[in-house]
Amino acid sequence: MTHTLPVTPPFGRVLCAMVTPFTESGALDLDGARRLAERLVDGGCDGLVLNGTTGESPTTSDEEKSDLIRAVREAVGERPSILAGVGTADTRHTIELTHQAEKAGADGVLVVTPYYSRPPQDAVEAHFREVADASGLPVALYDIPGRTGTRIEPETMIRLAAHPGIVAVKDCSYDFLGTQKVLARTGLACYAGCDEHNLALYAVGAAGCVSTVANVIPGHIRAVFDAFDAGETAHAARLQRQATPLIEAMMAAGLPGAVTAKALLTALGLPAGPVRAPLRPAGRETLDALLAAYREAVPQP
């Protein structure tokens with residue numbers, strides 16, 4: 001038995017929420033971004049999410065965001081999809097970033113719920129519709145109430161799914177029932193945004209994942225989906241469990257994924273560089289735990 005998707009995933013199955021490499025002085029490292037992007041695509045990622053939370057979008061400028069998209073597109077060509085994070089707390093600014101992303105070569109935009117101001121659901125819906133109306137790029141909604149303070153309620157998402165430009169959702173709601181309601185009643189391509197949910201959501205019809213952990217083990221994340229698609233469900237479950245210590249170390253240890261991903265990438269000799277303030281680098285104890293979990297997920301020869 002193979003896994004049948006309700007819709008063709010618009011951006012692929014395995015998307016990596018890529019870190020934004022910086023130089024030791026804190027400047028944008030475009031050469032490092034090119035090398036990291038090539039590694040991720042060669043390692044099995046169908047798409048790259050640039051300028052997301054893991055990409056430290058709150059502390060990169062609009063110009064840096066565009067430069068990153070151009071550099072990565074130049075490096076990887078058309079092999080992967082590029083989904084650009086454009087979400088802000090300001091609808092006008094979000095639309096401006098959407099236009100910039102389109103010009104820079106993105107294939108779609110990831111739009112988070114406006115944060116801090118905590119708009120009611122009718123305003124949330126209007127925000128997404130205005131962004132979708134403003135560009136020809138397909139829109140992926142980003143539901144992460146733990147960061148924004150505001151949920152995209154399932155009924156709101158179901159209404160938004162009727163908009164032809166809104167095609168997907170990155171789900172970090174931790175509401176498995178609500179997500180299944182959206183899957184049952186819409187054609188939205190749902191991407192697990194929390195690595196611990198990758199296989200569980202895929203099993204009920206999600207399109208794939210937007211993975212932070214894929215920064216370091218892209219092939220392993222892909223192997224979970226490949227095994228499931230091949231009907232090897234027990235093997236897929238084993239692979240998901242094998243990655244659990246690393247997922248926990250990277251995503252549930254009290255530090256943002258940008259911090260843990262960059263710490264591990266740097267330790268492995270891969271492009272990453274420091275994080276920008278107010279984030280601070282991982283300490284030695286955290287790094288040791290990350291490396292131990294990585295070795296468990298990727299057994300050494």
Side-chain angles (χ1 to χ4, degrees), residues 15 17-20 49-62 65 83-98 101 108-134 137-161 163 165-179 181-182 186 188-197 201 206 209-212 250-252 254-261 275-279:
L15 280 64
M18 194 178 102
V19 303
T20 300
V49 177
L50 305 179
N51 302 320
T53 310
T54 303
E56 297 177 77
S57 57
T59 54
T60 57
S61 69
D62 291 1
K65 289 176 171 65
L83 191 61
V86 298
T88 74
D90 176 356
T91 302
R92 288 178 301 175
H93 190 197
T94 301
I95 289 171
E96 289 170 7
L97 288 176
T98 298
V109 290
L110 180 65
V111 187
V112 75
T113 317
Y115 42 84
Y116 191 75
S117 56
R118 303 187 70 174
Q121 288 299 298
D122 62 337
V124 168
E125 183 175 345
H127 170 82
F128 287 122
R129 289 186 183 279
E130 286 185 48
V131 175
D133 287 341
L137 288 181
V139 170
L141 310 174
Y142 185 8
D143 188 21
I144 183 166
R147 285 185 181 269
T148 64
T150 303
R151 178 86 204 267
I152 311 174
E153 295 292 345
E155 293 300 326
T156 302
M157 205 172 290
I158 289 165
R159 290 193 299 272
L160 285 167
H163 192 293
I166 297 175
V167 301
V169 56
K170 178 184 176 183
D171 181 73
C172 291
S173 66
Y174 286 93
D175 176 7
F176 202 71
L177 177 59
T179 300
K181 287 172 61 178
V182 172
T186 77
L188 288 176
C190 176
Y191 289 88
C194 307
D195 278 279
E196 63 269 35
H197 290 173
L201 282 177
C209 68
V210 176
S211 170
T212 294
M250 290 184 66
M251 306 305 296
L255 291 174
V259 173
T260 55
V275 291
R276 283 183 177 171
L279 297 181

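Predicted model, so just to flag it, every value in this text is computed and none were measured. FYI, the numbering just counts along the sequence from 1.
Here the shortest heavy-atom pairing between S57 and K65 reads O-NZ, 2.8 Å. Across all their heavy atoms, A17 and T54 have their closest contact at O-CG2, 3.4 Å. Between G178 and P154, the closest heavy-atom pair is CA-CG, 3.9 Å. Between A168 and L188, the shortest heavy-atom distance links the atoms N-CD2, 3.6 Å. The two residues T179 and S173 come nearest to each other via the heavy atoms OG1-OG, 3.6 Å. Across all non-hydrogen atoms, the minimal contact from P119 to P114 is CD-O, 3.7 Å.
The structure places CG of L15 at 9.5 Å from OG of S211, a figure rounded to the nearest 0.5 Å. Y115 contributes atom OH, which lies 9.0 Å from atom CG of D90 (distance to the nearest 0.5 angstrom). Atom CD of E125 and atom CG of D122 lie 8.0 Å apart (nearest 0.5 Å). Interatomic distance, Y142 OH to I152 CD1, rounded to the nearest 0.5 Å: 10.5 Å. Rounding to the nearest 0.5 Å places CZ of R159 at 12.5 Å from CZ of F128. Rounding to the nearest 0.5 Å gives a distance of 8.0 Å between SG of C194 and NZ of K170.
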Quiz item: Under the side chain to side chain contact (heavy atoms under 4.5 Å, CB included) criterion, do V86 and H93 qualify, and how do the steps go?
Solution: CA-CA 9 Å; V86 298; H93 190 197; over 6 Å; no

Quiz item: Hey, mind stepping through T60 and R276 against side chain to side chain contact (heavy atoms under 4.5 Å, CB included) and telling me if it holds?
Solution: CA-CA 9 Å; T60 57; R276 283 183 177 171; 3.8 Å; yes

Quiz item: Hey, mind stepping through K181 and E155 against side chain to side chain contact (heavy atoms under 4.5 Å, CB included) and telling me if it holds?
Solution: CA-CA 9 Å; K181 287 172 61 178; E155 293 300 326; 4.1 Å; yes

Exercise. Give the C-alpha distance, both sets of side-chain angles, the deciding distance and a yes or no for side chain to side chain contact (heavy atoms under 4.5 Å, CB included) between E56 and V19.
Key: CA-CA 7 Å; E56 297 177 77; V19 303; 5.8 Å; no

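Judged by distance alone, with hydrogens and angles left aside, the side-chain atoms of D195 form a donor-acceptor pair with the main-chain N or O of T212 at under 3.5 Å. With hydrogens and angles ignored, the 3.5 Å screen pairs a side-chain donor or acceptor of T94 with a backbone N or O of T88. Judged by distance alone, the side chain of T113 and the main-chain N or O of D143 form no donor-acceptor pair under 3.5 Å.
Side-chain atoms of Q121 and T156 form a donor-acceptor pair, as typed in the model, at a separation below 3.5 Å.
With respect to V111, the side chain to side chain contact (heavy atoms under 4.5 Å, CB included) criterion is satisfied by exactly one of L141, V139, L97, I166: V139.
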